[in-house]
Asker: 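Supplied in structure tokens, the structure appears directly below.
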Amino acid sequence: MTVETRPAPKLHRAWLIAGAAFVALLASAGFRAAPGVLIDPLHEEFGWSRATISSAVSVNLVLFGLFAPFAAALMERFGIRRVSATALTVIALGAGGTVFMTASWQLVLCWGVLVGLGTGSMAMGFAAMVAARWFVRSRGVVTGVLTAAGATGQLIFLPLIANLAVDSGWRTASLVIAIAALAVVPVVLLVIRDHPADVGTTAYGAPADAEIARPASKTGSVRRALSVLAQAARTRTFWLLAAGFAICGATTNGLVGTHFVPAAHDHGMPQTTAASLLALVGVFDVVGTIFSGWLTDRVDPRILLGVYYALRGLSLALLPQLFTNAVQPSMWAFILFYGLDWVATVPPTVALCVRAFGDAGPIVFGWVFASHQLGAAFAASAAGLVRDQLGNYSLAWYSAAVLAVIASVASLAISRAKKPVAVLAT
């Protein structure tokens with residue numbers, strides 16, 4: 001009797017692409033983790049004010065957000081592989097270049113401009129592009145995993161950078177980041193491909209009879225990014241998504257990320273304890289984002305966003321009552337929830353961009369992500385002003401809670417697109 005054996009199913013190329021993208025995002029996150037632990041060493045060695053050093057960080061953050069849509073357009077024109085490999089090289093140049101600097105403007109150039117452009121090219125738009133091009137099935141999960149890569153990278157690099165800066169000096173820490181970024185370039189070049197058609201296949205989960213075709217973009221990258229913005233801005237969906245994501249940035253990086261530690265310290269909690277709590281948010285954020293991606297494949301993303309923002313608003317309204325000089329169970333509950341919710345909004349937002357704008361969805365998401373960074377910048381400044389004028393952060397927390405509810409309503413108001421808006425490559 002002959003027993004027929006079937007060959008093991010071949011792993012779809014999309015999963016290799018996603019794996020390489022995850023590693024690339026881990027590496028690009030390294031220098032984003034550096035500022036907090038390198039400010040004091042730079043201040044001590046060069047005597048530069050913290051405001052001067054922080055200006056380089058501000059340039060980095062602005063470029064990180066604003067360059068994302070242009071990076072997505074560049075990937076559309078020149079390919080994901082070329083742009084991501086170039087971005088990692090630019091990050092390495094910026095990180096390594098700090099070793100030779102002697103003036104503060106060089107810090108702004110290396111840390112602000114070069115690393116800002118590099119990490120902006122490897123931001124969420126990169127994750128959205130990979131997920132949109134290579135996945136039909138499991139797209140939400142992949143988006144969640146790739147989004148979580150940034151947080152995971154910071155978790156990996158932050159303690160390493162901190163220890164290196166203390167034990168071997170900040171130059172060693174910067175060189176390690178540069179080497180890590182360069183080490184990933186061969187992985188990107190060897191594994192990542194721009195489109196399934198490049199290897200004669202279709203996206204994972206695409207219908208069996210789907211056409212194998214590579215979309216061509218004949219438009220200049222800057223013109224393409226601006227053209228997409230102009231056409232997307234004519235739609236109600238874009239403005240609702242941008243408004244919601246601006247509030248997302250305001251209530252995460254801008255407010256909690258910037259002011260949680262000093263707010264807790266105002267109530268007698270040691271800064272080291274408060275910082276540890278904030279680090280735990282990053283741990284839970286990995287789990288929350290991946291789970292959100294799984295839900296996005298199964299639940300209407302508009303509903304997910306509505307629920308996420310509403311619960312975030314409720315938690316922010318309760319936060320002022322949770323601050324004490326020690327960590328109580330209620331604060332642990334807040335940290336757990338806020339970590340799970342931190343970037344859980346990304347997979348459903350990406351899904352809505354792709355659903356509403358089709359192939360231009362990743363570029364549209366780049367612009368939506370820019371609004372996230374602008375919202376974060378505004379909240380960081382506004383909350384500091386509130387603290388200076390009133391002596392506490394209560395108004396900032398309550399205002400953010402109201403904004404989160406507004407974001408929930410805006411998300412639920414997004415209409416379900418029957419077909420993507422046509423965004424022409426003019």
Asker: Given 3.5 Å as the limit, does a donor-acceptor pair link the side chain of S371 with the main chain of A242, or not?
Answerer: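 Yes, because the side chain of S371 sits within donor-acceptor range (under 3.5 Å) of the backbone of A242.
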
Asker: Locate the shortest heavy-atom distance separating G144 from T289; write the atom from each residue and the value.
Answerer: O-CG2, 3.2 Å

Asker: Are any side-chain N or O atoms of H372 and backbone N or O atoms of G244, one a donor and one an acceptor, separated by less than 3.5 Å?
Answerer: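 A pair under 3.5 Å: no.
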
Asker: Begin from the C-alpha positions of V287 and L340 and carry the test side-chain contact (heavy atoms from CB on, under 4.5 Å) through to its verdict.
Answerer: CA-CA 6 Å; V287 178; L340 295 174; 4.2 Å; yes

Asker: List for me each residue that meets side-chain contact (heavy atoms from CB on, under 4.5 Å) alongside V145, sequence neighbours excluded, and say none if there are none.
Answerer: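 With sequence neighbours excluded, V145 shows a side-chain contact (heavy atoms from CB on, under 4.5 Å) to F22, V141, I290, given in chain and number order.
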
Asker: Which distance, rounded to the nearest 0.5 Å, do you find between the CD1 of I414 and the CZ of F238?
Answerer: 11.5 Å

Asker: Any chance you could measure L109, atom CG, to L93, atom CG, to the nearest 0.5 Å?
Answerer: 10.5 Å

Asker: Between D300 and L304, does the side-chain contact (heavy atoms from CB on, under 4.5 Å) criterion hold? Intermediate values first, please.
Answerer: CA-CA 7 Å; D300 187 335; L304 290 179; over 6 Å; no

Asker: Would you name the heavy atoms of D297 and R139 that are closest together and state the gap between them?
Answerer: OD1-N, 3.6 Å

Asker: Among all residues two or more places apart in sequence or in another chain, which pass the side chain to side chain donor-acceptor pair (under 3.5 Å) test with R13?
Answerer: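 Result, side chain to side chain donor-acceptor pair (under 3.5 Å) vs R13: none returned.
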
Asker: What closest approach, in Å, do T296 and A351 show between heavy atoms, and which atom pair accounts for it?
Answerer: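 Closest pair (atom of T296, atom of A351, distance): CG2-CB, 3.6 Å.
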
Asker: Run Y308 and S292 through side chain to side chain donor-acceptor pair (under 3.5 Å) and show every step you take.
Answerer: CA-CA 10 Å; Y308 293 159; S292 177; 2.9 Å; yes

Asker: State which residues pass ring-ring contact (aromatic ring centres under 6.0 Å, His included) with Y398; sequence neighbours excluded, sorted by chain then number.
Answerer: none

Asker: Any side-chain heavy atom of D198 sitting closer than 4.5 Å to one from H195?
Answerer: yes

Asker: Does R302 reach the main-chain N or O of S415 with its side chain, forming a donor-acceptor pair under 3.5 Å?
Answerer: no

Asker: Go through the steps to decide whether V115 and F64 satisfy the test side-chain contact (heavy atoms from CB on, under 4.5 Å), and finish with yes or no.
Answerer: CA-CA 8 Å; V115 176; F64 177 74; over 6 Å; no

Asker: Hey, could you give me the CG/CD1 distance between L74 and I80, rounded to the nearest 0.5 Å?
Answerer: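 Nearest 0.5 Å value for the CG-CD1 distance: 12.5 Å.
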
Asker: Can you list everything that forms a side-chain contact (heavy atoms from CB on, under 4.5 Å) with L63? Sequence neighbours excluded, please.
Answerer: V59, V113, L117

Asker: Is any side-chain heavy atom of V256 closer than 4.5 Å to a side-chain heavy atom of L316?
Answerer: yes

Asker: Quick one: are F357 and F365 in side-chain contact, heavy atoms under 4.5 Å?
Answerer: no

Asker: Look up atom CD1 in I177 and atom CG in L182, then write down how far apart they are to the nearest 0.5 Å.
Answerer: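 Rounded to the nearest 0.5 Å, the CD1-CG separation comes to 12.0 Å.
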
Asker: Could you grab the distance from atom CG of L25 to atom OG of S84, nearest 0.5 Å is fine?
Answerer: 9.0 Å

Asker: Look at the side chain of W134 and the backbone N and O of R193, then say whether any donor-acceptor pair between them is shorter than 3.5 Å.
Answerer: yes

Asker: Side chains of F126 and S28: does their closest heavy-atom pair fall under 4.5 Å?
Answerer: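 No - every pair of side-chain heavy atoms lies 4.5 Å or more apart.
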
Asker: Which heavy atom of A379 sits nearest a heavy atom of A250, and at what distance?
Answerer: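 Nearest pair, atom of A379 first, then A250: CB-O, 3.4 Å.
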
Asker: Distance-only check: which donor-acceptor pairs under 3.5 Å involve side-chain atoms of residues 402-412, not counting sequence neighbours?
Answerer:
| from | atom 1 | to | atom 2 | distance (Å) |
| --- | --- | --- | --- | --- |
| S408 | OG | G306 | O | 2.6 |
| S411 | OG | A407 | O | 2.8 |

Asker: Not counting sequence neighbours, which residues clear ring-ring contact (aromatic ring centres under 6.0 Å, His included) with Y393? List them please.
Answerer: H259

Asker: Could you go through the side-chain contact (heavy atoms from CB on, under 4.5 Å) check for D194 and R82 one step at a time?
Answerer: CA-CA 9 Å; D194 302 325; R82 289 181 183 177; 5.7 Å; no

Asker: Got a sec, which pairs hit side chain to side chain donor-acceptor pair (under 3.5 Å) with one end in residues 331-352, sequence neighbours left out?
Answerer: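 Sorted result for residues 331-352: R312-D341.
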
Asker: On a heavy-atom basis, which atom in I17 and which in V191 lie closest, and how many Å separate them?
Answerer: CD1-O, 3.2 Å

Asker: Name all residues meeting the ring-ring contact (aromatic ring centres under 6.0 Å, His included) criterion together with F46; count only those two or more places apart in sequence or in a different chain, and write none if there are none.
Answerer: W48

Asker: Examine distances only and state if a side-chain atom of R224 and a backbone atom of F70 form a donor-acceptor pair shorter than 3.5 Å.
Answerer: no

Asker: Apply side chain to side chain donor-acceptor pair (under 3.5 Å) to R137 and list each qualifying residue two or more places apart in sequence or on a separate chain.
Answerer: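 R137 satisfies side chain to side chain donor-acceptor pair (under 3.5 Å) with Y204 only.
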
Asker: Partners of S121 by side-chain contact (heavy atoms from CB on, under 4.5 Å), sequence neighbours excluded?
Answerer: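 side-chain contact (heavy atoms from CB on, under 4.5 Å) check on S121 returns F67, A71, A87.
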
Asker: With sequence neighbours left out, what residues match L374 under side-chain contact (heavy atoms from CB on, under 4.5 Å)?
Answerer: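 Expected list: none.
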
Asker: Any side-chain heavy atom of V368 within less than 4.5 Å of one from C353?
Answerer: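 Counting from C-beta outward, V368 and C353 do come under 4.5 Å.
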
Asker: How long is the straight-line distance from OG1 of T237 back to CG of L352, given to the nearest 0.5 Å?
Answerer: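 Those atoms lie 8.5 Å apart.
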
Asker: I want to check something: taking the side chain as every heavy atom from C-beta on, are R77 and V83 in contact at a cut-off of under 4.5 Å?
Answerer: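 The answer is no; the side chains never approach within 4.5 Å.
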
Asker: Between V99 and L175, is there a side-chain heavy-atom distance shorter than 4.5 Å?
Answerer: yes

Asker: Step by step, work out the ring pair (Phe, Tyr, Trp, His ring centres under 6.0 Å) result for W15 and F135.
Answerer: CA-CA 9 Å; W15 293 109; F135 291 87; 4.9 Å; yes

Asker: Do you know the tightest heavy-atom contact between L255 and A383?
Answerer: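 Minimum heavy-atom contact is CD1-CB, 3.6 Å.
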
Asker: Return the set of residues passing side chain to side chain donor-acceptor pair (under 3.5 Å) with R171 (not counting sequence neighbours), or none when no residue passes.
Answerer: E45

Asker: In the structure I gave you, are the side-chain heavy atoms of R133 and P362 within less than 4.5 Å of one another anywhere?
Answerer: no

